[in-house]
Amino acid sequence: MKASFFLGAAAALLMAGPATAATNLVLNGSFEIGANGLDSWTIGGVDTQGFPPVAIFYGSGTGYPTGAFGEAVPANDAPTNSPDAVGARAAYFVSDLTVNQSLSQSVFLTAGFYQIGFSAYAPANGFNNSGDATFSGTIAGQTLASYAVSSGPVTTWRTFAGSTNILSDGFYSIDFVFNTNLNPSKDIVIDQVYIIAGNPSVPGVPEPATWAMLITGFGLVGFAARRRQKAVLA
């Protein structure tokens with residue numbers, strides 16, 4: 001009974017998402033503000049096709065620039081440390097042979113730890129293209145969170161995050177960067193980008209203490225099962 005309770009508590013900790021009461025230090029991290037959904041963001045990089053990043057609508061069956069070329073993208077459901085709620089839109093990156101196509105802001109940060117993160121989704125309609133697509137979150141040019149569409153899976157929201165220690169107060173360039181290497185390449189939908197103070201655990205990845213609890217719980221269950229087996233054979 002004790003072993004079952006212990007394992008149940010460990011499993012509950014594993015499934016529970018992190019509680020976040022932080023403030024998102026980037027503006028419009030869910031791409032809801034403005035006529036095009038990209039207010040507060042500066043678009044940069046090299047776009048050879050004339051397909052800049054746009055804010056598409058969830059569930060839309062329309063083409064670019066309001067939808068993912070007819071594919072209805074579901075709302076982000078991945079666990080995340082973003083303080084922002086999921087809205088009606090997400091950012092869509094689709095251009096081929098793109099070099100550092102980015103959404104950027106300048107943010108004032110005081111010295112201390114910070115986490116940068118984003119949620120990413122690979123649409124089915126570009127997943128089989130020969131070229132890969134990558135997306136990263138950077139602070140002052142330092143890549144802290146990265147995603148390659150080829151790593152899979154397709155049509156599944158996932159969250160990527162990383163942390164750094166800012167050594168001095170000042171304005172820092174915050175960049176969310178898209179790159180592709182062939183024509184055609186894969187596409188990416190992004191939502192709930194964020195920077196928060198502190199160094200919380202990455203969503204969906206158990207902390208070491210949680211793993212220890214799980215391992216101990218499974219060990220206790222195995223021990224109890226062996227005792228019951230010996231009792232039956234006796």
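For the numbers below, each heavy atom of this structure counts, side chains included, while hydrogens, waters and symmetry mates do not.
- Residues Tyr58 and Val54 share a single hydrophobic cluster, defined by chaining ILVMFWY side chains whose heavy atoms lie under 4.5 Å apart.
- Rounding to the nearest 0.5 Å gives a distance of 4.0 Å between CZ of Phe113 and CG of Asn165.
- Atom CH2 of residue Trp41 and atom CG of residue Asn36 lie 13.0 Å apart, to the nearest 0.5 angstrom.
- Although no hydrogens or angles enter the test, the distance criterion places no donor-acceptor pair under 3.5 Å between the side chain of Thr156 and the main chain of Pro153.
- Between Val193 and Val26 the shortest heavy-atom distance is O-CG2, 3.8 Å.
- Leu38 and Leu25 fall within the same hydrophobic cluster, where Ile, Leu, Val, Met, Phe, Trp and Tyr residues are linked whenever their side-chain heavy atoms come under 4.5 Å apart, directly or through other members.
- With rounding to the nearest 0.5 angstrom, the CG atom of Asp96 is 7.0 Å from the OG1 atom of Thr48.
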- Task: List the steps and the verdict of side chain to side chain contact (heavy atoms under 4.5 Å, CB included) for Leu144 and Ile139.
- Result: CA-CA 7 Å; Leu144 300 172; Ile139 298 178; 3.8 Å; yes
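- Annotation: side chain of Pro83 is in contact with side chain of Tyr194 (closest heavy-atom distance under 4.5 Å).
- With rounding to the nearest 0.5 Å, the separation of CD in Gln105 from CD1 in Ile174 is 8.5 Å.
- Looking only at distances, a side-chain donor or acceptor of Glu32 sits under 3.5 Å from a matching main-chain atom of Arg89.
- A heavy-atom distance below 4.5 Å is not found between the side chains of Tyr147 and Thr134.
- Here the shortest heavy-atom pairing between Ser201 and Asn81 reads O-ND2, 3.0 Å.
- Scanning all heavy atoms of the two residues, the minimum distance from Gly50 to Pro52 falls at O-CD, 3.3 Å.
- One distance of note links CZ of Phe178 with CG of Asp175; it measures 15.5 Å at 0.5 Å rounding.
- Side-chain contact check for Trp157 versus Asp191: some heavy-atom pair is nearer than 4.5 Å.
- Side chain of Asn179 to main chain of Ala133: no donor-acceptor pair is present (N/O by atom type, distance under 3.5 Å, no hydrogens or angles).
- Hydrophobic clustering, with ILVMFWY side chains joined whenever heavy atoms are under 4.5 angstrom apart, groups Phe31 together with Phe176.
- A donor-acceptor pair is defined here as one N or O able to donate and one able to accept, closer than 3.5 Å; such a pair exists between the side chain of Thr80 and the backbone of Ser82.
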- Query: Can you check side-chain hydrogen bond (donor to acceptor under 3.5 Å, both in side chains) on Thr164 and Gln142, steps first, answer last?
  - Reply: CA-CA 9 Å; Thr164 189; Gln142 180 184 5; 3.2 Å; yes
- Task: Show the numbers, then the answer: is there a side-chain hydrogen bond (donor to acceptor under 3.5 Å, both in side chains) between Ser95 and Thr98?
- Result: CA-CA 6 Å; Ser95 190; Thr98 297; 3.3 Å; yes
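- Contact record, Ala85 with Ser30: O-OG, 3.1 Å, taken as the closest heavy-atom pair.
- No donor-acceptor pair under 3.5 Å is formed between the side chain of Arg158 and the backbone N or O of Pro79.
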- Let me see the working for Thr110 and Ile166 under side chain to side chain contact (heavy atoms under 4.5 Å, CB included), right down to the final yes or no. CA-CA 7 Å; Thr110 57; Ile166 298 297; over 6 Å; no
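- Within the 3.5 Å criterion, the main-chain N or O of Thr62 finds a donor-acceptor partner in the side chain of Ser60.
- For the pair Tyr121/Asn76, no side-chain contact is recorded, criterion being any heavy-atom separation below 4.5 Å from C-beta on.
- No side-chain donor-acceptor contact under 3.5 Å links Thr155 to the backbone of Ala124.
- Contact annotation: the side chain of Ile56 approaches that of Val73 to within less than 4.5 Å [non-hydrogen atoms, C-beta and beyond].
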- What do the steps show when you test Phe108 against Phe171 for ring pair (Phe, Tyr, Trp, His ring centres under 6.0 Å), and what is the final call? CA-CA 4 Å; Phe108 186 85; Phe171 283 94; 5.2 Å; yes
- Query: How far apart are the C-alpha atoms of Ser40 and Asn28, what are their side-chain angles, what is the distance that settles it, and do they pass the side-chain hydrogen bond (donor to acceptor under 3.5 Å, both in side chains) test?
  - Reply: CA-CA 7 Å; Ser40 301; Asn28 194 19; 5.5 Å; no
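- Under the 4.5 Å side-chain heavy-atom criterion for Ile, Leu, Val, Met, Phe, Trp and Tyr, Val107 and Ile116 are members of the same hydrophobic cluster.
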- Could you go through the side-chain hydrogen bond (donor to acceptor under 3.5 Å, both in side chains) check for Ser136 and Thr138 one step at a time? CA-CA 6 Å; Ser136 59; Thr138 73; 5.9 Å; no
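- Contact check for Tyr92 versus Ile188: no side-chain heavy atoms found under the 4.5 Å cut-off.
- Annotation for Asp39 and Gly34: closest pair OD2-CA, 3.3 Å, computed over non-hydrogen atoms.
- From Ser119, atom OG reaches atom CD of Gln192 across 5.0 Å, with rounding to the nearest 0.5 Å.
- Side-chain atoms of Phe135 and Phe160, non-hydrogen and from C-beta on, never get closer than 4.5 Å to each other.
- Closest non-hydrogen pair, Lys186 versus Val149, comes out as CD-CG1, 3.5 Å.
- The hydrophobic clustering, which links ILVMFWY residues whose side-chain heavy atoms are closer than 4.5 Å, places Ile190 and Ile43 together.
- A 4.5 Å side-chain heavy-atom check between Asn199 and Tyr114 finds every atom pair outside the cut-off.
- Although no hydrogens or angles enter the test, the distance criterion places a donor-acceptor pair under 3.5 Å between the side chain of Asn181 and the main chain of Asp132.
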